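Written out below as structure tokens is the structure these notes cover.
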Amino acid sequence: MPKHYRPPGKKKEGNAARYITRSQAVKYLQVSLSVFRRLCIFKGVFPRDPKKKVKGNHHTYYHMKDILFLKHEPLLEKFREMRAYEKKVKKAVCKKNRDLAERLLTRKPSYTLDMLIKERYPKFIDALRDLDDGLTMVHLFAALPAIERENIQAERIHNCRGLSLEWQAYVSRTHKLRKAFISVKGIYYQAEVEGQKITWLTPHALQQVMPQDVDYKIMLTFLEFYETLLGFINLRLYSSINLKYPPILDPRLKALAADLYALTRYVNAKDKKDVGNNEESELRLAQLQDQLPANEPGALMHLVENTADENEEDEETRACKNLFKDMTFFLSREVPRESLLFVITAFGGVVSWEGEGAPFEESNQSINYQIVDRPTQSHRFISRDYVQPQWIFDCINSRLILPTEEYMVGKTLPPHLSPFVDNEAEGYVPEYAETIKRLQAAARKEILPMPGGEQDDLDNAHNLLAEGIIDRTKAKEAAERKRKMAVLQEQYHNELKMEMEGAEKNTTTTTPATKSKKKSADEETDDANLQQFADDDDNMSKVSMSRKKRRLYEAMKISQERKKASVDTLKTRKKNIQKSKKTTSD
Amino acid sequence: MGKSKGSRKGKKAWRANISTEDIEDFYEKSSKDALSGGSLTEVPSDSLFFVDKSRDLSVKRKIDKHREKILRVDSILQKNSFVQAVPSSNQKNSFKKRKASAENSSQKNGTTDTGMVDIWDNKGEQAGKARKVSKLMVIPAVEVEPPGCSYNPTSESHQDSLAHAVADEMQKIYTKELRPTPVPLTVPGEAIDDEDMYFLDADKENDDDDDDDDVDENDDADLEKRPFKTKRVTRVVLNKRIRNKEKMKVQAEAKKTKEFAKELDSLPAIINEIAKEDEEKSKRHERCVIAKQERLKSCPPRLGRHKFEPAPVQVLLSEDITGSLRKLKACCTLARDRYKSLEKRGIIVPTAKSGRK
């Protein structure tokens with residue numbers, strides 16, 4: 001009898017019934033393979049990995065329920081209709097009936113993905129949760145060249161660019177950007193919209209090549225879905241800040257490839273209108289104030305101004321908004337303009353750049369920082385600092401205006417650290433992260449770092465001060481922890497004693513004096529038995545755990561140990577590097 | 001034979017045969033035209049012909065009359081005010097109503113100028129449940145690179161990432177080395193002539209055949225010659241056998257009890273052994289589970305014919321770290337990265353094309 005023999009009249013069972021290979025599915029749905037693939041991508045149906053692969057290991061399997069789900073999709077019928085229509089057109093063309101062909105082409109049936117988006121993401125938050133991939137894809141295609149061979153049309157690339165910039169404009173207007181990291185692959189950004197952390201990757205501003213091992217048909221299908229999704233999300237977000245969507249942009253700025261600036265201007269113009277409304281309310285308020293006793297005229301007005309904006313803003317957004325407040329930046333020709341424009345405006349700064357359509361010139365006196373990326377700067381204004389672009393990114397990641405000495409023109413930069421790494425969890429803190437932490441602590445204690453141009457020894461002293469503060473806080477924490485431990489131990493012993501007394505069934509009444517004696521005795525023996533107690537506690541909890549939990553716990557222990565080992569290797573490596581440096585310098 | 005008339009091919013003969021008819025015709029015609037007042041060929045056709053509309057009216061009337069006539073079949077079907085119409089179905093009506101209501105609602109809702117509607121702005125509708133998607137995917141859509149892949153990394157983390165990249169490369173090389181050696185395409189040595197080849201094969205075949213035949217024959221002979229007889233069992237032997245059997249039984253029992261006692265003594269050791277075995281088993285299982293999870297984290301389940309091959313880590317070489325964003329040698333194949341990410345999450349099936357380098 002063969003392995004998967006099924007007697008006639010008996011239904012299929014198990015994996016044979018539950019899963020279906022791709023070719024079977026295509027036959028079942030009566031569509032072509034390409035249509036099937038498109039449909040799968042649109043509907044979010046992915047291949048599965050069944051435990052028993054009935055048809056063999058070299059097939060792709062789909063769940064039968066997924067295929068039935070596809071079967072009831074109206075889009076399937078639409079695709080069939082489109083195919084029939086295409087045949088009509090083809091027939092007309094082949095019969096040299098040009099009139100008919102042209103007329104048919106003008107009324108081609110088309111489809112929309114709106115219902116699918118609604119179906120896959122019933123709530124707005126679901127859509128936001130799944131936005132990472134879409135954003136990255138749209139940003140990528142915004143940077144790709146249009147190639148006819150791969151059927152990548154220029155219109156779609158323009159559309160992608162528009163969508164990505166609209167998203168960026170929203171994020172920078174509402175100050176939702178949290179982190180940015182420049183890696184070799186590209187620039188990672190993380191924003192927090194409606195409590196969802198959204199991470200996306202944008203390519204560096206340089207020519208992207210099109211690798212041959214990528215199936216662009218699939219990518220374009222994904223892109224189609226994501227374009228629709230991002231369009232709806234942008235619409236929703238724009239309407240949430242009372243803006244019209246799609247935005248109308250200044251054509252001159254668009255021609256100069258300064259779309260982002262045009263968008264931000266559009267957004268801000270709308271803001272000004274809002275401010276006009278505010279002015280009206282202020283007028284009314286002033287009238288009110290005439291009737292009121294005039295003791296605090298300014299405060300009330302101020303209050304109204306702020307409530308409108310910052311009601312729904314959380315603390316972090318406010319921090320982000322105020323990071324570059326009242327600062328003016330100027331971008332040189334050689335720095336990546338778009339990413340810096342996005343980042344600086346997202347953190348409340350004002351930016352201009354070298355080139356046409358810029359809001360103000362390089363000679364403007366109000367500029368505080370000029371971002372340059374060249375070995376030397378010949379002509380300098382005294383009133384401003386010349387820093388390299390990394391300074392901006394490090395500042396926003398640490399939420400702190402870092403001292404600019406290390407980032408000056410021509411200096412070797414400190415390392416660019418990844419903000420996505422949790423140093424505490426990893427257990428290893430790079431040197432520069434520690435100095436940044438110190439600075440942050442200093443800023444929190446309201447000891448503001450002195451403005452730029454301060455001397456090294458002063459800086460060192462400053463560091464020392466910060467260190468002292470940190471040490472003190474650490475010591476405090478340690479003391480607190482010790483006290484808590486002691487309290488816990490006491491409690492534990494008391495409980496033990498209670499149990500003992502319970503065993504004696506309260507036959508003997510212990511006087512408080514003896515109790516206290518016992519306690520003191522216990523305290524004496526405490527230090528010796530501490531380790532023992534800790535071990536016992538550990539074992540007790542281990543015994544009382546269920547098997548599953550215990551295994552999990554052990555696995556956790558193992559992973560912790562592994563982490564520790566890796567940290568140790570890192571440390572030793574660092575030591576070695578330092579040693580080698582010393583020897584080379586000597 | 002009369003007197004010859006001379007050659008007919010001469011010039012005289014030609015002249016004699018030329019007709020002047022066409023010239024005469026022309027004169028005649030021109031004189032005729034001059035008398036009648038111009039040739040008709042030069043006159044425009046409008047003046048020569050006209051459309052006769054005198055009988056058109058009657059034709060029109062004819063058609064009208066024909067049209068006015070109603071056939072008997074049609075007259076039956078014509079609307080009669082005394083008979084009430086029966087609707088074929090009320091579907092059309094409801095459709096119209098629905099359409100109208102939809103239009104109204106869309107006007108009420110915030111439709112933008114381009115016709116885009118906020119699809120999540122459902123006031124009356126209930127938000128449907130999202131379809132459950134199996135939560136096998138543990139890999140995030142956008143994986144953030146380790147800190148060593150920064151454009152200006154710390155030396156430690158950079159070394160770490162670099163070591164990872166090198167380890168991956170080395171593993172590839174080792175697996176290639178450890179593969180069985182492929183069959184060489186060319187064999188060293190001289191080529192053998194066709195004739196020699198024939199002899200080589202023949203010699204071998206002959207030898208083999210002979211040996212095989214011999215063996216077979218011997219076997220057959222043994223089978224035939226074997227004596228076919230059984231020994232007779234006497235009473236004495238039988239008794240002996242029975243006695244022996246009983247004795248053996250007793251001995252075995254004694255042995256068994258002895259061993260049982262021995263095992264009983266060594267019970268704790270056995271228990272220990274079992275416990276150890278169990279522990280080992282559980283540990284092995286744990287390792288398996290953890291390894292599986294790790295594997296799922298780094299690569300997807302096998303979905304098709306081809307295995308997923310991860311893209312190499314994008315990390316700068318030590319000499320490429322310039323510390324300047326302007327001089328950065330950045331990765332320019334982000335499209336591949338996205339494609340690999342899709343493959344890694346098990347959304348699309350890896351193909352041979354994408355696995356090849």
Side-chain angles (χ1 to χ4, degrees), chain A residues 44 46-47 49 58 60 114 117-118 120 122-124 126 132-133 136-137 140 144 181-186 188 199-201 203-204 206-211 213-214 218-219 231-232 235-236 239 245-246 334 336 373 389-390 412-413 415-418 420-421 430 432 551 555 570 573-574 577, chain B residues 110 112 114 116 118-121 127-131 133-134 140-142 144-147 149-157 159-160 286 290 301-305 314-316 323-326 328-339 341-342 346-349 351 353-354 356-357:
Chain A
F46 309 129
D49 184 30
H58 55 286
T60 307
D114 306 2
I117 286 171
K118 176 82 179 151
R120 275 177 76 173
K123 285 173 201 155
F124 182 55
D126 297 325
D132 289 9
D133 200 18
T136 311
M137 194 77 100
L140 165 66
L144 283 185
F181 172 52
I182 312 173
S183 81
V184 183
K185 233 180 226 174
Y188 288 92
T199 315
W200 74 97
L201 170 66
H204 281 295
L206 85 171
Q207 179 74 32
Q208 288 282 321
V209 299
M210 311 285 280
D213 49 1
V214 174
I218 290 177
M219 297 283 271
F232 279 117
L235 170 70
R236 168 102 180 179
S239 63
Y245 187 86
E334 70 277 359
D373 195 2
Q390 196 194 317
T412 332
L413 290 170
H416 178 57
L417 302 170
S418 168
F420 293 95
V421 177
Y432 191 62
R551 293 284 148 74
L570 273 180
R573 202 172 281 156
K574 188 180 167 188
I577 287 169
Chain B
T112 54
T114 51
M116 279 182 88
D118 188 356
I119 52 172
W120 292 291
D121 187 27
K129 253 188 190 173
R131 202 166 149 272
V133 180
S134 65
V142 179
V144 180
E145 301 247 289
C149 297
S150 160
Y151 91 102
N152 185 16
T154 59
S155 55
E156 301 97 52
S157 55
Q159 286 298 318
D160 208 35
E286 217 167 284
I290 288 169
R302 183 74 174 265
L303 289 177
R305 188 187 293 268
Q314 291 289 341
V315 61
L316 285 176
S324 164
L325 204 53
R326 182 169 49 91
L328 172 65
K329 267 190 200 169
C331 152
C332 55
T333 55
L334 204 62
R336 180 189 287 149
D337 173 67
R338 288 326 294 159
Y339 194 72
S341 163
L342 288 175
I347 291 175
I348 55 177
V349 181
T351 53
K353 196 179 158 196
S354 70
R356 205 170 49 210
K357 280 288 129 63

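Keep in mind it's a predicted model, so treat the numbers as computed, not measured. Numbers restart at 1 for each chain; the letters A, B, ... are given by sequence-line order, proteins then strands.
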Find the distance between [atom1] ([X]) and [atom2] ([Y]) and round it off to the nearest 0.5 Å.
{"X": "A:T412", "Y": "B:N152", "atom1": "OG1", "atom2": "CG", "value": "9.5 Å"}
{"X": "B:T333", "Y": "A:K185", "atom1": "OG1", "atom2": "NZ", "value": "9.0 Å"}
{"X": "B:D160", "Y": "A:R573", "atom1": "CG", "atom2": "CZ", "value": "5.0 Å"}
{"X": "B:T154", "Y": "A:L570", "atom1": "OG1", "atom2": "CG", "value": "8.5 Å"}
{"X": "A:Q390", "Y": "B:L325", "atom1": "CD", "atom2": "CG", "value": "8.5 Å"}

Report yes if the side chains of [X] and [Y] come closer than 4.5 Å at any heavy-atom pair, otherwise no.
{"X": "A:V184", "Y": "B:V315", "result": "no"}
{"X": "A:M219", "Y": "B:L342", "result": "yes"}
{"X": "A:L140", "Y": "B:D337", "result": "no"}
{"X": "A:I117", "Y": "B:W120", "result": "yes"}

Which residues pass the salt bridge (Lys or Arg N to Asp or Glu O under 4.0 Å) test with A:D373, not counting sequence neighbours?
none
Which atoms of [X] are under 4.5 Å from chain B, going by heavy atoms: the side chain, the backbone, both sets, or neither?
{"X": "A:I218", "answer": "side chain"}
{"X": "A:I577", "answer": "side chain"}
{"X": "A:P203", "answer": "both"}
{"X": "A:F124", "answer": "both"}
{"X": "A:Y188", "answer": "side chain"}
{"X": "A:V209", "answer": "both"}

Atom of A:S183, atom of B:E145 and distance for their closest heavy-atom approach:
OG-CG, 4.3 Å
Look at the side chain of B:S150 and the backbone N and O of A:H416, then say whether any donor-acceptor pair between them is shorter than 3.5 Å.
yes
Output yes when a side-chain donor or acceptor of A:K118 lies under 3.5 Å from a complementary backbone atom of B:I119, and no otherwise.
yes
Check each atom of B:Q159 against the heavy atoms of chain A and say whether the ones under 4.5 Å are side chain, backbone, both or neither.
both
So what's closer than 4.5 Å to chain A heavy atoms on B:L334: side chain, backbone, both or neither?
both
Top contributor to chain B interface from [options] [non-hydrogen pairs under 4.5 Å]:
{"options": "A:F232, A:F181, A:F420, A:W200", "result": "A:F232"}
{"options": "A:P211, A:P336, A:S418", "result": "A:P211"}
{"options": "A:L201, A:T60, A:L417", "result": "A:T60"}
{"options": "A:D132, A:D114, A:T136", "result": "A:T136"}

Heavy atoms only, distances under 4.5 angstrom: which of B:A141, B:C149, B:P140, B:P153 has the most pairs with chain A? Name it, please.
B:C149
List in chain and number order the residues that pass side chain to side chain donor-acceptor pair (under 3.5 Å) with A:T199, two or more places apart in sequence or in another chain; answer none if no residue qualifies.
A:Q190
Please evaluate residues B:L328 and A:L206 with respect to the criterion side-chain contact (heavy atoms from CB on, under 4.5 Å), reporting the C-alpha separation (whole Å), side-chain torsions for both, the decisive distance (0.1 Å), and the verdict.
CA-CA 10 Å; B:L328 172 65; A:L206 85 171; over 6 Å; no
